[in-house]
Amino acid sequence: MEASFARRYRLTKTDEFSSVFGFRKAIRGTWLMLHYQPRAEGHTDARLGLVVGKKLLKRAVDRNRLKRIVRERFRLRRAGLPAYDLIVRLAVKQKPFDGRVIGEDFGNLLDRLSRPRPKREAQ
């Protein structure tokens with residue numbers, strides 16, 4: 001199993017980000033928001049994009065650390081994820097910044113994404 005974070009596992013273009021945000025499906029965790037969209041037929045790998053604004057994390061050190069933590073968690077779990085385009089963004093300002101809590105929150109979001117959802121009964 002290849003456990004790298006190669007370019008093919010990243011969202012890189014503005015259109016790719018726009019299409020995921022336009023799909024309007026998201027899961028909210030304690031600190032993070034995970035936007036997702038199923039990939040087209042024939043694609044079997046999950047891809048990741050990150051959005052971390054200055055408004056919620058002022059220091060570049062903290063923004064970069066958050067991105068490193070999320071990328072690493074994604075890299076380790078990518079093989080077991082469904083074929084989705086994923087965008088992770090910080091939803092709540094966290095003071096003080098705690099990388100362990102962010103990593104756990106992202107892991108919980110991936111667990112919820114992979115879990116099959118029960119179907120609603122028609123009324």
Side-chain angles (χ1 to χ4, degrees):
M1 177 184 89
E2 181 189 351
S4 69
F5 189 59
R7 190 170 181 88
R8 70 176 179 260
Y9 305 128
R10 303 178 198 171
L11 294 177
T12 56
K13 298 184 174 108
T14 304
D15 292 344
E16 295 169 346
F17 279 84
S18 297
S19 69
V20 175
F21 282 128
F23 191 65
R24 303 184 60 86
K25 294 284 185 184
I27 303 170
R28 186 178 177 130
T30 308
W31 303 105
L32 302 173
M33 180 83 83
L34 177 68
H35 298 268
Y36 62 94
Q37 176 183 17
R39 293 196 66 191
E41 292 295 320
H43 296 284
T44 59
D45 294 321
R47 295 189 303 175
L48 177 70
L50 294 159
V51 177
V52 185
K54 287 183 185 178
K55 194 176 216 179
L56 296 176
L57 279 179
K58 298 285 186 206
R59 297 178 350 150
V61 170
D62 293 335
R63 291 193 303 274
N64 291 335
R65 186 164 171 231
L66 178 123
K67 290 189 268 187
R68 274 196 313 273
I69 290 166
V70 171
R71 281 187 199 122
E72 180 65 10
R73 290 281 179 127
F74 174 80
R75 184 186 71 80
L76 293 174
R77 300 210 25 205
R78 180 186 48 77
L81 293 175
Y84 282 144
D85 285 339
L86 308 171
I87 297 178
V88 176
R89 68 180 182 87
L90 193 61
V92 179
K93 185 182 281 192
Q94 184 186 27
K95 288 216 173 185
F97 182 79
D98 185 0
R100 183 184 50 78
V101 173
I102 293 291
E104 289 173 3
D105 193 32
F106 181 60
N108 292 338
L109 290 173
L110 292 179
D111 290 340
R112 288 173 53 192
L113 179 70
S114 299
R115 198 177 320 143
R117 288 180 288 186
K119 296 187 178 186
R120 294 182 185 176
E121 294 181 21
Q123 294 180 4

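All values derive from a computational prediction rather than experimental measurement. Side chains are part of it too, since the values below use all heavy atoms of this structure and drop only hydrogens, waters and symmetry mates.
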Residues Ser114 and Pro82: closest non-hydrogen pair is OG-CD, 3.8 Å
Across all chains, not counting sequence neighbours, the side chain to side chain donor-acceptor pair (under 3.5 Å) partners of Arg24 are none
Does any non-hydrogen side-chain atom of Leu50 lie less than 4.5 Å from one of Ile87?
no
May I ask you to decide if Trp31's main-chain N or O and Asp105's side chain share a donor-acceptor pair within less than 3.5 Å?
yes
Approximate separation, where rounding is to 0.5 Å, of Arg7 CZ and Arg47 CZ:
11.0 Å
Give the minimum heavy-atom separation between Phe17 and Leu11, together with the two atoms involved.
CE1-O, 3.4 Å
With the side chain counted from C-beta on, respond yes when Leu86 and Leu113 share a heavy-atom pair under 4.5 Å apart, and no when they do not.
yes
Which pairs count as salt bridge (Lys or Arg N to Asp or Glu O under 4.0 Å) when at least one residue sits in residues 31-40, sequence neighbours excluded?
Arg39-Asp85
Of all the heavy-atom pairs spanning Gly53 and Arg63, show the shortest one and how long it is.
O-CD, 3.9 Å
Checking salt bridge (Lys or Arg N to Asp or Glu O under 4.0 Å) for the pair Glu104/Arg100: CA distance, chi angles, key distance, verdict?
CA-CA 6 Å; Glu104 289 173 3; Arg100 183 184 50 78; 3.2 Å; yes
Which heavy atom of Ala26 sits nearest to which heavy atom of Tyr36, and what is that distance?
N-CE2, 3.8 Å
Qualifying residues under ring pair (Phe, Tyr, Trp, His ring centres under 6.0 Å), relative to Phe21, sequence neighbours excluded
His35
Considering residues at least two apart in sequence or located in another chain, which fulfil the ring pair (Phe, Tyr, Trp, His ring centres under 6.0 Å) criterion with Phe74?
Phe5
Does the cation-pi check pass for Arg65 over Phe97, that is, NZ or CZ under 6.0 Å from the six-membered ring centre and within 45° of its axis?
no
Side-chain donor/acceptor pairs under 3.5 Å, residues 54-61, sequence neighbours excluded:
| unit_1 | atom_1 | unit_2 | atom_2 | d |
| --- | --- | --- | --- | --- |
| Arg59 | NE | Asp62 | OD2 | 3.2 |
| Arg59 | NH2 | Asp62 | OD1 | 3.4 |

For a quick test of reading the model, state the closest non-hydrogen atom pair linking Asp98 to Val101 and the distance between them.
OD2-CG2, 3.1 Å
Does a side-chain heavy-atom distance below 4.5 Å link Leu48 with Val70?
yes
Closest non-hydrogen atom pair between Glu16 and Arg10, with its separation:
OE1-O, 4.4 Å
Taking only residues two or more places apart in sequence, or in another chain, which ones meet Arg77 in a salt bridge (Lys or Arg N to Asp or Glu O under 4.0 Å)?
Asp111
Is the backbone of Gly107 close enough, under 3.5 Å, to the side chain of Arg73 for a donor and an acceptor to pair up by distance?
no
Apply salt bridge (Lys or Arg N to Asp or Glu O under 4.0 Å) to Asp45 and list each qualifying residue two or more places apart in sequence or on a separate chain.
none
Any side-chain heavy-atom pair of Leu32 and Ile102 under 4.5 Å
yes
Could you work out, with side chain to side chain donor-acceptor pair (under 3.5 Å) as the rule, every residue matching Thr12, not counting sequence neighbours?
none
